[in-house]
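Counting starts at 1 for both ligands and their atoms, following the listed order.
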Amino acid sequence: MKEFAYSRAADVRDALTAAAGDRGVRYLGGGTNLVDLMKCGVEAPTRLVDVRRLPLDGVRDAPDGGLVIGATTTNSDLAAHPEVRRRFPALSQAVLAGASGQLRNMATVGGNLLQRTRCGYFADLASPCNKRAAGSGCAAITGVHHNHAVLGHSEHCVATHPSDMAVALAAFDAVVRYETVDGPAEIPLSRFYRPVGDRPDLENALPPGALITAIALPGSAASPRSRYRKVRERASYAFAIVSVAAALDLRDGLVHDARIALGGVASRPWRATSAEAVLRGARPTPDRFRLAADAALSTAEPLRDNGYKVPLARNLIPAVLDELVGTENER
Ligand code: SF4
């Protein structure tokens, strides 16, 4: 690991000032991904600015009936929060599906959003990787890619985003709040992650030096009837092959609102808006759920060795929707 400076921010302004004008500064939350990447040489910050003790933690009610989650809230505290479990159960389930208990005790919500892909070539300095070194190539396209993307990838990168939490947040139309030296700002999660395009190293829309301060979850009638299911290669502590976050608002026997987001299939949480359109206004039947799943995967372009993800996702979506119809909170 290369030498770096360390400081603990006294407040948000102090953190922003420390990062201003120095692209080598990284904010340190739980460090569960960043420190790993420093050890293998993918990240070599000049300074770590520790933001974990800033008073940005906790979950509070928002005036619109939603919740605001502080950026330094740990994954464990988020998953256990009674209002998250009651009003946004898929979010609690998604967080609990990620990592191990020890990691969830350390990892922060802000850091979870910013974690990097687990593509093996990304962490291997001897391999070409456009995400780690722009313009160097992509070893995964012709190499080992059975767990890579089937949607939204490009010839420059086929990696997936590793976060479970972000998939549930995508389904709930979350908004990312952040601060820069110019003041507070926010961006919907739907525009937070950049499409891969020809610059997979540019992953999100945060301005340089910005510090994520909170995530806002708008109130929604669909969110209490929500589920997160994750398929992985072993029972615990593994990243998603395919995951589904779904929510339904059922009224008078029809789907009034539907939310579906997929994980493990794209470089970002993949909101399946075409599937949602198939469901809205329709009766919640198994046939309709299968049509929705077909719509969600209609633009899939599997690689040589990951075609299995398409039928997997196509089967998982109706299974989760079936579960939701069976829950008790129909209005
Ligand atoms: Fe790098 Fe992306 Fe290719 Fe993996 S898939 S080697 S992260 S460019």
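The protein atom (non-hydrogen) at minimum distance from atom 3 (Fe) of ligand 1 is C138 SG, 2.3 Å. The protein non-hydrogen atom at the shortest distance from atom 2 (Fe) of ligand 1 is C157 SG, 2.3 Å. Looking only at heavy atoms of the protein, atom 5 (S) of ligand 1 is closest to V158 N, 3.3 Å. Looking only at protein heavy atoms, the nearest one to atom 7 (S) of ligand 1 is C129 SG, 3.6 Å. At the shortest separation from atom 4 (Fe) of ligand 1 among protein heavy atoms lies C119 SG, 2.3 Å.
In summary, the side chains of R259 and S226 do not present any donor paired with an acceptor at a separation below 3.5 Å, with no hydrogens or angles considered.
From L217, atom CG reaches atom CD1 of I215 across 7.5 Å, with rounding to the nearest 0.5 Å.
Side chain of R132 to main chain of F122: a donor-acceptor pair is present (N/O by atom type, distance under 3.5 Å, no hydrogens or angles).
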**Prompt:** Could you walk me through whether R225 and D249 pass the salt bridge (Lys or Arg N to Asp or Glu O under 4.0 Å) check?
**Reply:** CA-CA 7 Å; R225 188 193 288 267; D249 176 13; over 6 Å; no
**Request:** Assess whether side-chain hydrogen bond (donor to acceptor under 3.5 Å, both in side chains) is satisfied between T108 and R52, documenting all intermediate values.
**Result:** CA-CA 8 Å; T108 62; R52 189 180 173 84; 5.6 Å; no
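Counting atoms of ligand 1 from 1 in the listed order, those under 4.0 Å from a heavy atom of Y121 are 6 (S). Per-residue contacts place K131 under 4.0 angstrom from the following atoms of ligand 1 (heavy atoms of the residue considered): 7 (S), 8 (S). Near H156, meaning under 4.0 Å from one of its heavy atoms, ligand 1 places the atoms 8 (S).
Contact between P89 and P224 at its shortest, heavy atoms only, is CG-O, 3.3 Å.
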